[in-house]
Amino acid sequence: FKNKGVPYSFFFTDFHGDYHKPSDHADKLAYDNMVKIARTGGLILQAAADREARLRFAGGRRVAPDDDEEPSEPPRLLGIQGQPLSDAECEKLGLAEGQGGLRVGAVSEGGVAKAAGMRKGDVVLSLGGKTLGREEPRDDLFAALAQVKPGVATEVVVLRDGKKTALQATWDK
């Protein structure tokens, strides 16, 4: 769709250890989450169909709801594949009540995280002073990323080998 200039949306629930491997069996599917995603997708499609103005393609960037407005800035990304910690993992790591984190499963080559020195296995605890909560750590990370200023070093605290390590990440745009 992107190559043809057609508006599109992409739903993705993250990578996991069995992603696209023969060991990825049906018993590992999160059926309740699939229902939530399908409902959300349906609501988005209904809202798009009910619009008076047609959706317009913005080259993969988000577009403001009013067709006369300029596209908003694309979201900043850290460049990791992160999996939220379970409550048991949070307790085992000694995190404070309500504090969560994202275990880094992969670091994108050429990304901000890689340049900051982040490694597979690190646990992201906070970004720019915003501690990730236990309930929705990805949402907390995205909210913190939205506050990042281009060209300004932002502290990312990770747990590595049982010790908190402060990394400095900088986004160009």
Engineer: Determine which pairs satisfy side chain to side chain donor-acceptor pair (under 3.5 Å) with at least one residue from residues 111-122, sequence neighbours left out, and list them in order.
Structural biologist: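 Non-adjacent pairs meeting side chain to side chain donor-acceptor pair (under 3.5 Å): E109-K114, D122-R160.
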Engineer: Quick check: closest heavy atoms across P84 and E89, and the distance to 0.1 Å?
Structural biologist: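 Shortest heavy-atom contact: O-OE1, 4.2 Å.
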Engineer: Counting heavy atoms not belonging to D50, are there more than 12 under 6.0 Å from its CG?
Structural biologist: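 Correct, the count exceeds 12.
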Engineer: How would you list, by chain and number, every residue that makes a side chain to side chain contact (heavy atoms under 4.5 Å, CB included) with T40, sequence neighbours excluded?
Structural biologist: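 By the side chain to side chain contact (heavy atoms under 4.5 Å, CB included) rule, T40 matches F11, I44.
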Engineer: Cluster question for you: counting only ILVMFWY and a side-chain heavy-atom cut-off of under 4.5 Å, with indirect links fine, are L95 and L132 together?
Structural biologist: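 Looking at the clustering, L132 is in a separate group from L95.
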Engineer: So, the side chain of R138 versus the backbone of L102: is there a donor-acceptor pair under 3.5 Å, distance only?
Structural biologist: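 No, R138 side chain to L102 backbone: no donor-acceptor pair under 3.5 Å.
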Engineer: Rounded to the nearest 0.5 Å, what separation is found between the CD atom of E97 and the SG atom of C90?
Structural biologist: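 One finds 11.5 Å between CD of E97 and SG of C90.
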Engineer: Please report the closest heavy-atom contact between R134 and P137, naming both atoms and the distance.
Structural biologist: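 Of all heavy-atom pairs spanning R134 and P137, the closest is O-CD, 3.7 Å.
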Engineer: Between F142 and L85, is there a shared hydrophobic cluster once you connect ILVMFWY residues whose side-chain heavy atoms come closer than 4.5 Å?
Structural biologist: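 In one cluster: no.
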Engineer: Does K28 have more than 12 heavy atoms from other residues, nucleotides or ligands lying within 6.0 Å of its NZ?
Structural biologist: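 Enclosed: over 12 neighbouring heavy atoms sit under 6.0 Å from NZ of K28.
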Engineer: Show, in sequence, the C-alpha distance, side-chain angles and deciding distance for V124 and M118, and conclude whether the side-chain contact (heavy atoms from CB on, under 4.5 Å) test is met.
Structural biologist: CA-CA 9 Å; V124 179; M118 198 170 296; 3.9 Å; yes
Engineer: Hydrophobic cluster membership, with links at side-chain heavy-atom distances under 4.5 Å among I/L/V/M/F/W/Y: are L167 and L145 in one?
Structural biologist: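 In one cluster with L167: L145, yes.
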Engineer: On a heavy-atom basis, which atom in S126 and which in T131 lie closest, and how many Å separate them?
Structural biologist: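 What the structure gives for the nearest pair is CB-CA, 3.8 Å.
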Engineer: Of all residues at least two apart in sequence or in a different chain, which pass the side chain to side chain contact (heavy atoms under 4.5 Å, CB included) check with K164?
Structural biologist: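 Result, side chain to side chain contact (heavy atoms under 4.5 Å, CB included) vs K164: L125, V157, L159.
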Engineer: Can you list the steps and then say if R39 with M34 is a side-chain contact (heavy atoms from CB on, under 4.5 Å)?
Structural biologist: CA-CA 9 Å; R39 283 188 183 137; M34 291 168 72; over 6 Å; no
Engineer: Mind checking whether I80 and L93 sit in one hydrophobic cluster, side chains of I, L, V, M, F, W, Y counted as touching below 4.5 Å?
Structural biologist: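 As far as the 4.5 Å side-chain criterion goes, L93 and I80 are not connected within one cluster.
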Engineer: Are the side chains of N33 and K36 in contact, using a 4.5 Å heavy-atom criterion?
Structural biologist: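 Heavy-atom side-chain distance check passes, below 4.5 Å.
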Engineer: Answer yes or no: is there a donor N or O on one side and an acceptor on the other, between the side chain of W171 and the main chain of L77, under 3.5 Å?
Structural biologist: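 Yes, the answer is positive, given that a donor and an acceptor are paired below the 3.5 Å cut-off.
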Engineer: Okay, side chain of R103, backbone of V123: is any donor-acceptor separation there less than 3.5 Å?
Structural biologist: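 No; judged by distance alone, with no hydrogens or angles, the pair does not exist.
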